[in-house]
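Below is one structure, written out as structure tokens; the observations come after it.
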Amino acid sequence: MGNSRLIGVGVGPGDPELVTVKGVNCLRAADVVVVPVMDSGDRGRAEATVLHYVPEEKVVRVVFALNERSDRARREAAWDAAGERVAGLLRTHGTVAFATIGDPNVYSTFTYLAQTIEDVVPGTVVETVPGITAMQDLAARSGAVLTEGTEPLTLVPVTAGAGALKDALNGPGTVVAYKFGRLAQEVAAALRETGRLDDAVWGSALGLPDESIRPAAELDGAPLPYLSTLIAPARRDGGRGGKL
């Protein structure tokens, strides 16, 4: 048998219509489609999206410690187990697709998996298929423009703490924050302190029945879903083309 292929397929932020044609073709052509599940066993967003396009019998659920941050040893053990499981699939199948929400090259579980597989099953060909990110979807659904003209764009995972977010908000351009559900209060404070609360927009469960999109000014500091997205658009003046 030739080299196996491991393909990370970005399946977008939740709305099954936001999977690319290439992504769908890739999922359908793969021998098996791996979906990451939390140790709670709940059906995740990636799995729910994949099932719109491939039959359930082709889907393999692999447990990842997606929410294990505190216990490093436990996280490493979970990673090794997940890597072994996928390695086993690669030894018996030509093509394994791994479905990841958003894009496989943007804060994705896939990056770690690919590194593990390169060690465990040398010679595996690793590829990715880009996916639509939550920030793109929130921009589309809220009307918030991400970038104009010469503006930079900064993407901050607030898991690193609110300090990095504040630094970004003090700088130019649009700031996007990911994964800040538990730090909603700190995020609101950072927006207020940097004078960027009024234009900012928040969203979660985009494209799903429990979708929520609100002005950030309405957030009252209560905890939000972990996969929350915030866009604080650049300070813009001068009307159309003002930044060109």
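Predicted model only: the values in this text are computed from it and were never measured.
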Walk me through whether L208 and R45 qualify under side chain to side chain contact (heavy atoms under 4.5 Å, CB included). CA-CA 10 Å; L208 299 168; R45 213 173 280 191; 3.8 Å; yes
Could you go through the side chain to side chain contact (heavy atoms under 4.5 Å, CB included) check for R214 and V201 one step at a time? CA-CA 6 Å; R214 312 209 306 261; V201 62; over 6 Å; no
For a side chain to side chain contact (heavy atoms under 4.5 Å, CB included) check, start with the C-alpha distance between V106 and L155, then their side-chain angles and the critical distance, and finish with the verdict. CA-CA 10 Å; V106 180; L155 177 56; 4.0 Å; yes
Step by step, would you call N3 with T124 a side chain to side chain contact (heavy atoms under 4.5 Å, CB included)? CA-CA 6 Å; N3 290 357; T124 301; over 6 Å; no
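A side-chain donor from one of W202 and S228 sits under 3.5 Å from a side-chain acceptor of the other. Remark: the T128 side chain and the N105 side chain contain an N/O donor-acceptor pair separated by less than 3.5 Å. Using a 3.5 Å distance cut-off with no hydrogens or angles, the side chains of S108 and T100 do pair a donor with an acceptor.
Of all the heavy atoms in T111 and P104, the pair that sits closest is OG1-O, 3.7 Å. A232 and L169 make their closest contact through CB-CD2, 3.8 Å (heavy atoms, listed as atom of the first residue, atom of the second, distance). Of all heavy-atom pairs spanning R85 and V62, the tightest one is CG-CG2, 3.7 Å. Shortest non-hydrogen contact noted between V156 and A168 is CG2-CB, 3.9 Å. Pairing each heavy atom of I231 with each of P233, the nearest pair is O-CD, 3.4 Å. Of all heavy-atom pairs between L206 and L138, the closest is CD1-N, 3.7 Å.
Across L89, I7, V60, a single residue satisfies side-chain contact (heavy atoms from CB on, under 4.5 Å) together with V96, and that is L89. Applying the side-chain contact (heavy atoms from CB on, under 4.5 Å) test between V11 and each of L27, L18, D103 identifies L27 as the sole match.
V125 and L113 sit in two unconnected hydrophobic clusters of ILVMFWY residues. Membership requires side-chain heavy atoms under 4.5 Å apart, directly or through other members. V9 is not connected to L6 by any chain of hydrophobic side-chain contacts under 4.5 Å among Ile, Leu, Val, Met, Phe, Trp and Tyr, and they are in different clusters. Residues V37 and Y53 are members of separate hydrophobic clusters, defined by side-chain heavy-atom contacts under 4.5 angstrom among Ile, Leu, Val, Met, Phe, Trp and Tyr. Cluster membership check: V126 does not share its hydrophobic cluster with V129, using side-chain heavy-atom separations under 4.5 Å among Ile, Leu, Val, Met, Phe, Trp and Tyr. V32 and V54 are assigned to two separate hydrophobic clusters, defined by single-linkage of ILVMFWY side chains at heavy-atom distances under 4.5 Å.
Under a 3.5 Å cut-off, the side chain of Q136 and the backbone N or O of T133 do form a donor-acceptor pair. Side-chain atoms of K58 come within 3.5 Å of backbone N or O of A30 as a donor-acceptor pair. For the pair E211 (side chain) and G207 (backbone), a donor-acceptor distance under 3.5 Å is present. Looking at D31, its side chain never comes within 3.5 Å of a backbone N or O of H93 through a donor-acceptor pair.
Here the OH atom belonging to Y178 is positioned 8.5 Å from the OH atom belonging to Y107, to the nearest 0.5 angstrom. Of the inter-residue distances, the one linking S204 atom OG with L230 atom CG reads 12.0 Å to the nearest 0.5 angstrom. Note that OG1 of T174 and CD of E151 are 5.0 Å apart. Values are rounded to the nearest 0.5 Å. For the atom pair CD (E84) and OG1 (T116), the distance works out to 9.5 Å, reported to the nearest 0.5 Å. Taking CG from L219 and CZ from F180, the interatomic distance works out to 7.0 Å, rounded to the nearest 0.5 Å. Rounding to the nearest 0.5 angstrom, the gap separating the CD atom in E186 from the CG atom in L191 is 12.0 Å.
Within the structure, salt bridge (charged side-chain N to carboxylate O under 4.0 Å, His left out) pairs that include any residue of residues 115-139 comprise R5-E127, D137-R141 (at least two apart or interchain).
Here the side chains of V34 and P36 are not in contact, with every heavy-atom distance at 4.5 Å or above. Looking at heavy atoms from C-beta onward, V176 lies in side-chain contact with T229 at the 4.5 angstrom threshold. The closest side-chain heavy-atom distance from V24 to H52 is not below 4.5 Å. Side-chain contact check for I101 versus L227: some heavy-atom pair is nearer than 4.5 Å.
With sequence neighbours excluded, the residues forming a ring-ring contact (aromatic ring centres under 6.0 Å, His included) with F110 are F98, listed by chain and number.
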